[in-house]
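Atoms within a ligand are numbered from 1 in the order they appear, just like the ligands themselves. These figures come from a predicted structure and were not determined experimentally.
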Amino acid sequence: MRIWQNKAFFALTLYGIILGASVYAADPPKKNPPQKDPRQAEAPEPGSPGDTLTREDARMAYLVYKLLDKDGNIIGADLARGAKSFYQNCRPCHGEDGMRVNFNPGGIPEFIGIRARRDLPTFWYQMNFGDEERRMEAYIDEIPVDEMRDIAAFARTLP
Ligand code: HEC
């Protein structure tokens with residue numbers, strides 16, 4: 001009786017193992033499919049049909065990724081040219097020393113120099129695309145990008 005029961009038990013167990021193995025063999029659990037590293041994806045040529053960056057993205061990417069070194073310094077700026085261009089384009093509103101427009105009225109005053117030193121992407125964004133509500137002009141069609149780089153470097157020397 002016992003033996004018979006054991007045999008039946010073993011037979012059932014064996015059947016279970018075979019069944020499990022065949023199910024596994026028919027459909028083995030999938031490993032995670034290999035993931036592509038997005039950083040290694042082929043970048044489309046700027047301006048090509050595959051290039052989906054907006055004008056804003058493309059400009060900001062260039063300024064932030066191509067013109068800043070790993071310490072956040074602006075690469076290859078010409079300060080004298082930046083000063084000239086600043087006086088010509090920005091001084092009328094922002095003032096000789098950049099302190100005529102305070103971006104933080106009611107708080108600790110913040111001027112163009114502080115913005116250029118502490119938050120260059122914002123500085124660049126504002127210079128390129130402006131802010132209609134705040135009456136800051138957009139210069140993307142007025143000032144060539146290498147001159148913007150120079151203005152930013154000069155602005156960093158202002159208070
Ligand atoms: C017609 C006047 C005018 C001219 C010219 C001008 N700006 Fe402005 N700018 C403003 C005003 C007004 C603001 C907004 C101030 C505010 O809202 O507090 C502003 C804001 C900014 C800001 C945003 C700061 C922030 O973080 O909020 C930056 C950066 C800036 N200007 C850079 C420049 C640069 C660089 C030039 C020259 C290429 C320039 N501006 C020329 C009037 C001007």
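- Of the listed options W124, Y87, F123, Y139, F123 places a heavy atom closest to atom 35 (C) of ligand 1.
- Residue C93 approaches ligand 1 through these ligand atoms, each under 4.0 Å from one of its heavy atoms: 1 (C), 2 (C), 3 (C), 4 (C), 5 (C), 42 (C), 43 (C).
- Using a 30° and 60° split on the angle between ring planes, Y87 and F154 fall in the perpendicular class, above 60°.
- A side-chain donor-acceptor contact under 3.5 Å links R117 to the backbone of L158.
- Counting only N and O atoms by type, the side chains of T54 and D57 include a donor and acceptor under 3.5 Å apart.
- For ligand 1, the atoms lying closer than 4.0 Å to a non-hydrogen atom of T122 are 26 (O).
- The option with the heavy atom closest to atom 6 (C) of ligand 1, from among H94, R91, E137, is H94.
- Distances from atom 26 (O) of ligand 1 to the heavy atoms of Q126, Q88, R115, M136 put R115 nearest.
- Between atom 18 (O) of ligand 1 and the options F103, F111, F86, the minimum heavy-atom separation is to F103.
- Close approach of ligand 1 to V101 is summarised as follows: ligand atoms under 4.0 Å from at least one heavy atom of the residue are 15 (C).
- When only non-hydrogen protein atoms are considered, atom 34 (C) of ligand 1 lies nearest to C90 SG, 3.4 Å.
- Only the backbone of N102 comes within 4.0 Å of ligand 1, judged by heavy-atom distances.
- Of all the heavy atoms of R134, the ones lying under 4.0 Å from any atom of ligand 1 are found in both the backbone and the side chain.
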